[in-house]
Amino acid sequence: MVASRVSNELFLSKAMDLVAEKGTVTQTDLKECIGDQGRIRRLMEVLEAQGLIEVSYTTKGKLIMLYSLTDKGKLWQKLARVQRYLESEQGDSEKIQQVSAKLDQILAELR
């Protein structure tokens, strides 16, 4: 159960990174980092429910779901990047932990 939660969080993070990088992605784009079509849909529904992404659809031809970041998602993504950067630094570990804890709190409030 814990491994599933960790892998889902990893996939969510990768998906958010990809959407932030490309602006708008399709399920096919997400297949690169997540793999399973069913898992993609479930994870994207989680992100949409949290208000981090918005889902739109193509209006011509085959129906394709398009995913893009909301303003809240863009802010979450920036804070997550800052946190990952701080965690990778080898500076004052106590100060990094304090800042990281504050960022965790901000991210939790966004959810």
Exercise for the section: Evaluate side-chain contact (heavy atoms from CB on, under 4.5 Å) for Lys22 paired with Asp29, printing each intermediate quantity in order. Expected result: CA-CA 9 Å; Lys22 292 189 173 190; Asp29 296 325; 3.9 Å; yes
[X] [atom1] to [Y] [atom2] distance, which is reported to the nearest 0.5 Å:
X	Y	atom1	atom2	result
Leu18	Lys31	CG	NZ	14.5 Å
Met16	Leu43	CE	CG	12.0 Å
Leu52	Lys74	CG	NZ	12.5 Å
Leu79	Gln77	CG	CD	9.5 Å
Asp17	Arg81	CG	CZ	6.0 Å
Leu66	Thr26	CG	OG1	7.5 Å

Fill in the blank from the handout: Exactly one candidate in Lys14, Arg39, Met44 meets side chain to side chain contact (heavy atoms under 4.5 Å, CB included) with Leu30; the answer is Met44
Handout entry: Heavy-atom closest pair, residues Ser68 and Gly23
Key = CB-O, 3.4 Å
Practice task
Start with the C-alpha distance between Arg41 and Met65, add both sets of side-chain angles, then the distance that settles side-chain contact (heavy atoms from CB on, under 4.5 Å), and finish with yes or no.
Solution key: CA-CA 10 Å; Arg41 187 130 191 183; Met65 297 175 82; 3.9 Å; yes
Exercise for the section: Indicate whether any N or O donor in one side chain lies under 3.5 Å from an N or O acceptor in the other, for Glu48 and Tyr67. Expected result: no
Handout entry: Ile64 with Leu69, same ILVMFWY side-chain cluster at under 4.5 Å
Key = no
